[in-house]
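As structure tokens, the structure follows; a few thoughts come after it.
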Amino acid sequence: MSESRGSDSSHRPTKHRAPELQFKGGEEAVTPVYLTQGELNALRKAIMYLKFECEETDSLLYAGSPLLNSVLEKAFSADVYREFAESFHARPNPHAETFMRKKLERSYAEELAPRERSEELKAEILRSCMFPFPLS
């Protein structure tokens, strides 16, 4: 590690001490996290990239994840530009929907052991992957 990199504080986490709160154990534990607006933007952009720009079909495991969708929803609600984000994501996004439909179809075609999926299940998978956008 170079000396200049070690002294660069722009890449160090902000040191906020969160109150020691946990209401449930395991995956349901609730722990406060303090992020700057820049960190929220980066997190949101990374998730949106994974969902709507990443061509890899393996990314669908995360694109439709209820846990990542929950993180994304919380990141939008904490954003200082919440009203803009809510109005922007309240409208269908035909480009993102076409991208997601093609990615899902590629994923289904690539399965080594194809699974039977009802049209209802496929629609639910698409809705989950499309969050925060509604379907058109």
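Nothing fancy with the numbering, it's 1 onward along the sequence.
Across all their heavy atoms, Cys129 and Leu104 have their closest contact at SG-CD2, 4.4 Å. Here the shortest heavy-atom pairing between Arg91 and Phe133 reads O-CD2, 3.6 Å. Of all heavy-atom pairs spanning Arg44 and Gln37, the tightest one is NH1-NE2, 4.4 Å. Residues Leu50 and Cys54 approach most closely at O-CB, 3.6 Å, considering heavy atoms. What you find for Pro132 and Phe52 is that their closest heavy atoms are CD-CE1, 4.2 Å.
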**Prompt:** Can you check side chain to side chain contact (heavy atoms under 4.5 Å, CB included) on Lys122 and Leu126, steps first, answer last?
**Reply:** CA-CA 6 Å; Lys122 286 181 178 180; Leu126 177 61; over 6 Å; no

**Item:** Check against side chain to side chain contact (heavy atoms under 4.5 Å, CB included), Ile47 and Asn69
**Value:** CA-CA 9 Å; Ile47 294 173; Asn69 284 345; 5.8 Å; no

**Item:** Derivation and outcome, side chain to side chain contact (heavy atoms under 4.5 Å, CB included), residues Leu121 and Ile125
**Value:** CA-CA 6 Å; Leu121 178 57; Ile125 292 168; 4.0 Å; yes

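In this structure, the separation between CG on Asn41 and OG1 on Thr36 is 8.0 Å, given to the nearest 0.5 Å. For the atom pair CG (Leu60) and OG (Ser65), the distance works out to 12.0 Å, reported to the nearest 0.5 Å.
No donor-acceptor pair under 3.5 Å is formed between the side chain of Glu97 and the backbone N or O of Pro92. A donor-acceptor pair under 3.5 Å links the side-chain atoms of Lys51 to the main chain of Ala63, judged by distance alone. The closest donor-acceptor contact from the side chain of Ser70 to the backbone of Pro66 lies at 3.5 Å or more, if one exists at all. In this structure a side-chain-to-backbone donor-acceptor pair under 3.5 Å is missing from Thr57 to Ser107.
Between Arg127 and Glu124, at least one side-chain N (NZ, or NE/NH1/NH2) sits under 4.0 Å from a carboxylate O, which counts as a salt bridge. Between Arg101 and Glu105 there is no salt bridge, since no side-chain N of the basic residue sits under 4.0 Å from a carboxylate O of the acidic one.
No more than 12 heavy atoms of other residues, nucleotides or ligands shown are found within 6.0 angstrom of CD on Glu73. More than 12 heavy atoms of other residues, nucleotides or ligands lie within 6.0 Å of CZ in Phe99, so this atom counts as buried by the packing criterion. The 12-atom threshold is not exceeded at CD of Glu120, counting heavy atoms of other residues, nucleotides or ligands nearer than 6.0 Å. Heavy-atom contacts from other residues, nucleotides or ligands closer than 6.0 Å to NZ of Lys74 number 12 or fewer.
Under the 4.5 Å side-chain heavy-atom criterion for grouping Ile, Leu, Val, Met, Phe, Trp and Tyr, Val33 is connected to Val71 within one hydrophobic cluster. A continuous path of Ile, Leu, Val, Met, Phe, Trp and Tyr side chains, each step under 4.5 Å between heavy atoms, connects Leu61 with Leu68, placing both in one hydrophobic cluster. Taken together through direct or relayed side-chain contacts under 4.5 Å among Ile, Leu, Val, Met, Phe, Trp and Tyr, Met48 and Leu135 form part of one hydrophobic cluster.
Classification of the His89-Phe76 ring pair by plane angle, with boundaries at 30° and 60°, yields tilted.
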